Protein chains: 4
Amino acid sequence: MEFNKNKSIYLQIVDFINEKILTGEFPEGAKIMSVREMAGMIGVNPNTVMRSYTYLQEEDIIYLKRGIGVFVSIHASAKIKKNLKKAFLKNELPAIIKKMKMLNIDIDELNKLLNK
Amino acid sequence: MEFNKNKSIYLQIVDFINEKILTGEFPEGAKIMSVREMAGMIGVNPNTVMRSYTYLQEEDIIYLKRGIGVFVSIHASAKIKKNLKKAFLKNELPAIIKKMKMLNIDIDELNKLLNK
Amino acid sequence: MEFNKNKSIYLQIVDFINEKILTGEFPEGAKIMSVREMAGMIGVNPNTVMRSYTYLQEEDIIYLKRGIGVFVSIHASAKIKKNLKKAFLKNELPAIIKKMKMLNIDIDELNKLLNK
Amino acid sequence: MEFNKNKSIYLQIVDFINEKILTGEFPEGAKIMSVREMAGMIGVNPNTVMRSYTYLQEEDIIYLKRGIGVFVSIHASAKIKKNLKKAFLKNELPAIIKKMKMLNIDIDELNKLLNK
DNA sequence: GTGGTCTAGACCACC
DNA sequence: GTGGTCTAGACCACA
């Protein structure tokens, strides 16, 4: 797996897992890859994966069972969408708007860009 | 001045100055605040401001005259717009599109959000 | 059965059985559930129940007869009370006192809380 | 510094810092020991201290400033008391009550024990 | 086998 | 100097 240099790896793993859950590749309630499996697959230290898993557990998106494995929470998908939407509206949208105004990009031009 | 934790302070100062130039608050050709003045005003270490100024000088947006002061370049405004547009199209737009798809936000909903 | 995350499951099973014995639900001398029955009932791996039983046997609270079953020891109830009291006075009470001081909870307030 | 074997070190460091804040030894708003200083002082790996600090930052009790240091939050003391009280009422008090009933310890006896 | 913690040591961006 | 991330490797309790 390839990582973006500007974002910490463990957060990119978080994004990766969130995506898998949203696409249904990791279904809610299901057991997913163990720390070591995931680490081996994406070529990263198990500690780093553990950090991602711990983060996701604090967000109630997965839960870890000692000696058993890692499971997707029941309402994980809705939770992820909620989190992403909240972050999008609060952090990213204002920045987009500000930048568009500064660059004199109007909604029509944005529409064209989006359709490409 | 308040800073976003996820972005380095010196880059946020760069954004801050870019904005002042685009809005005309720092007109092209004019002398702007010294490193020390700026540092005092926004409550930051002078070294950090120096780093922002150095960065902006490398981008030809300002220039420093030793012993005299800091000045906005003649074509600063156009240069900034060019840089921002390039970054917007290359880095931010793809991420926006991806996120909008994941969250099922279409162009109409975005339009509504933008108008608020 | 639900388990507290901060304590190991086998010890929670130990507590569970101790309680049954103290309340008389598992009378002294009587045969109690086998490892497999217990495991099925509370939804846990039989190995884990076995660990609890082994622990309780070492404490002379139950004894296992190979091929026959698991039995509550004759003086189990007294033994349990003695163990719990010892642990309570030695480990828990000092922590309670310290925490109450830090939280400015005095004996009167505790009394009120206990009566609820 | 000595650590209890039954609790993870990083959580014991959390307790340690909470206490220092409650007693005023680490005043609100003040800069406290850096990760490395703390690690050296208590004889623990810096990563472990970092874990404690990160935990406390998520609880809004301290905040970390990159390149500058670690600071106690403004309302840290109240926050800590709130957290401890909540945990005490929710987790510990019910267990105490249950255990006291099982051991036939009444409030008078507890009072005597507390006064020792 | 699993999660969970800890150490040792390194590198980076930032102030 | 500071925080922040990552690796490598180890040990433990638990299932």
Side-chain angles (χ1 to χ4, degrees), chain A residues 3 5-13 31-39 42-57 62-71, chain B residues 3 5-13 35 39 42-52 54-55, chain C residues 3 5-13 35 39 42-52 54-55, chain D residues 3 5-13 31-39 42-57 62-71:
Chain A
F3 295 102
K5 204 193 145 189
N6 297 313
K7 198 169 177 178
S8 49
I9 293 179
Y10 85 94
L11 286 177
Q12 294 182 59
I13 297 174
K31 184 173 179 298
I32 65 172
M33 279 188 250
S34 75
V35 174
R36 290 162 175 86
E37 279 173 344
M38 179 68 83
I42 62 184
V44 146
N45 189 290
N47 279 330
T48 305
V49 173
M50 191 62 202
R51 191 164 177 181
S52 308
Y53 278 14
T54 302
Y55 180 90
L56 284 165
Q57 177 165 247
I62 62 176
Y63 56 94
L64 308 180
K65 282 198 181 180
R66 155 130 72 185
I68 300 186
V70 185
F71 300 82
Chain B
F3 296 101
K5 240 195 111 173
N6 298 314
K7 198 169 177 178
S8 50
I9 292 179
Y10 87 93
L11 286 177
Q12 294 183 60
I13 296 173
V35 172
I42 61 185
V44 147
N45 190 303
N47 284 330
T48 307
V49 174
M50 192 57 211
R51 189 161 178 181
S52 309
T54 302
Y55 180 90
Chain C
F3 296 102
K5 239 195 111 170
N6 299 313
K7 200 169 177 179
S8 51
I9 292 179
Y10 88 94
L11 286 176
Q12 293 183 60
I13 297 173
V35 173
I42 61 185
V44 147
N45 189 304
N47 284 330
T48 307
V49 174
M50 191 60 212
R51 189 159 178 182
S52 308
T54 303
Y55 180 90
Chain D
F3 295 102
K5 205 191 144 189
N6 297 314
K7 198 169 178 179
S8 48
I9 294 180
Y10 86 94
L11 287 177
Q12 294 182 60
I13 297 173
K31 183 173 179 299
I32 65 173
M33 279 190 250
S34 75
V35 174
R36 290 162 174 87
E37 279 172 345
M38 179 68 82
I42 62 184
V44 146
N45 189 290
N47 280 329
T48 306
V49 174
M50 190 62 203
R51 191 165 179 180
S52 308
Y53 277 14
T54 302
Y55 180 90
L56 284 165
Q57 177 165 250
I62 63 175
Y63 56 95
L64 309 180
K65 282 198 182 180
R66 154 132 72 185
I68 301 187
V70 185
F71 300 82

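Order of the sequence lines fixes the chain letters, A, B, ..., with proteins taken first and strands second; residue numbering starts at 1 for each chain. Note that the coordinates shown come from a computational prediction; the quantities given were computed from them, not determined experimentally.
Rounded to whole Å, atom P of E:dA13 lies 14 Å from atom CD1 of A:Ile9. Rounding to whole angstrom units, CD of residue D:Gln57 and P of F:dT5 are separated by 10 Å. If you take CD1 of D:Ile42 and P of E:dC6, they are 11 Å apart, rounded to a whole angstrom. The separation between D:Tyr55 atom OH and E:dT5 atom P is 11 Å, rounded to whole Å. Look at CE on D:Met33: it is 16 Å from C1' on F:dT2, rounded to the nearest Å. Separating the CG atom of A:Leu64 from the C1' atom of F:dA13 is a distance of 15 Å, rounded to the nearest angstrom. When rounded to the nearest whole Å, the span between CD of D:Gln12 and C1' of E:dT5 equals 12 Å. Remark: P of E:dC6 and CE of D:Met38 are 15 Å apart, rounded to the nearest angstrom.
Between E:dG3, F:dA15, F:dG3, one nucleotide has an atom nearer to the side chain of D:Met50 than all others, and that is F:dG3. The nucleotide whose nearest atom lies closest to any side-chain atom of C:Thr48 is, among F:dA15, F:dT7, F:dT5, F:dA15.
Residue-to-nucleotide proximity on DNA chain E shows that, of A:Ile32 and A:Lys5, the 5′-proximal contact is made by A:Ile32. Mapped onto DNA chain F by nearest heavy atom, A:Asn45 and D:Glu37 fall at different nucleotides, with D:Glu37 at the one closer to the 5' end. Between A:Pro46 and D:Tyr53, the residue anchored closer to the 5' end of DNA chain F is D:Tyr53, taking for each the nucleotide with the nearest heavy atom.
If you take CG on B:Asn45 and CD1 on B:Ile9, they are separated by 9.5 Å, rounding to the nearest 0.5 Å.
In this model, the phosphate group of E:dG1 is not approached by any side-chain N or O of A:Arg36 to a distance below 4.0 Å at OP1 or OP2. Contact annotation: B:Arg51 side-chain N/O to E:dC15 OP1/OP2 distance is not under 4.0 Å. Of the side-chain N and O atoms in C:Ser8, none sit less than 4.0 angstrom from OP1 or OP2 of F:dA13. Listed pair A:Ser34 / E:dT2 meets the phosphate criterion, a side-chain N or O lying under 4.0 Å from OP1 or OP2.
Between the side chain of B:Thr48 and the backbone N or O of B:Tyr10, no donor-acceptor pair lies under 3.5 Å.
Backbone-only engagement by C:Tyr10 is indicated by non-hydrogen atom pairs under 4.0 Å involving sugar-phosphate atoms exclusively. Backbone-only engagement by A:Val44 is indicated by non-hydrogen atom pairs under 4.0 Å involving sugar-phosphate atoms exclusively.
A pairwise comparison of heavy atoms in B:Val49 and B:Ile13 identifies CG2-CD1, 4.3 Å as the closest pair. Residues A:Lys7 and A:Gln12 share a closest heavy-atom pair of O-NE2, 2.6 Å.
Heavy atoms of other residues, nucleotides or ligands lying less than 6.0 angstrom from OH of D:Tyr55 number 12 at most. The local environment of CZ in D:Phe3 is crowded, with over 12 non-hydrogen atoms from other residues, nucleotides or ligands closer than 6.0 Å. The 12-atom threshold is exceeded at OH of D:Tyr63, counting heavy atoms of other residues, nucleotides or ligands nearer than 6.0 Å.
Stem regions annotated for DNA chain E: E:1-14 with F:1-14, counting only runs of 3 or more consecutive pairs of Watson-Crick or G-U type with both contacts under 3.5 Å.
Annotation: side chain of D:Met50 is in contact with side chain of D:Thr54 (closest heavy-atom distance under 4.5 Å).
Counting atom types as modelled, A:Asn47 pairs a side-chain N or O with a base atom of E:dC6 as donor and acceptor under 3.5 Å.
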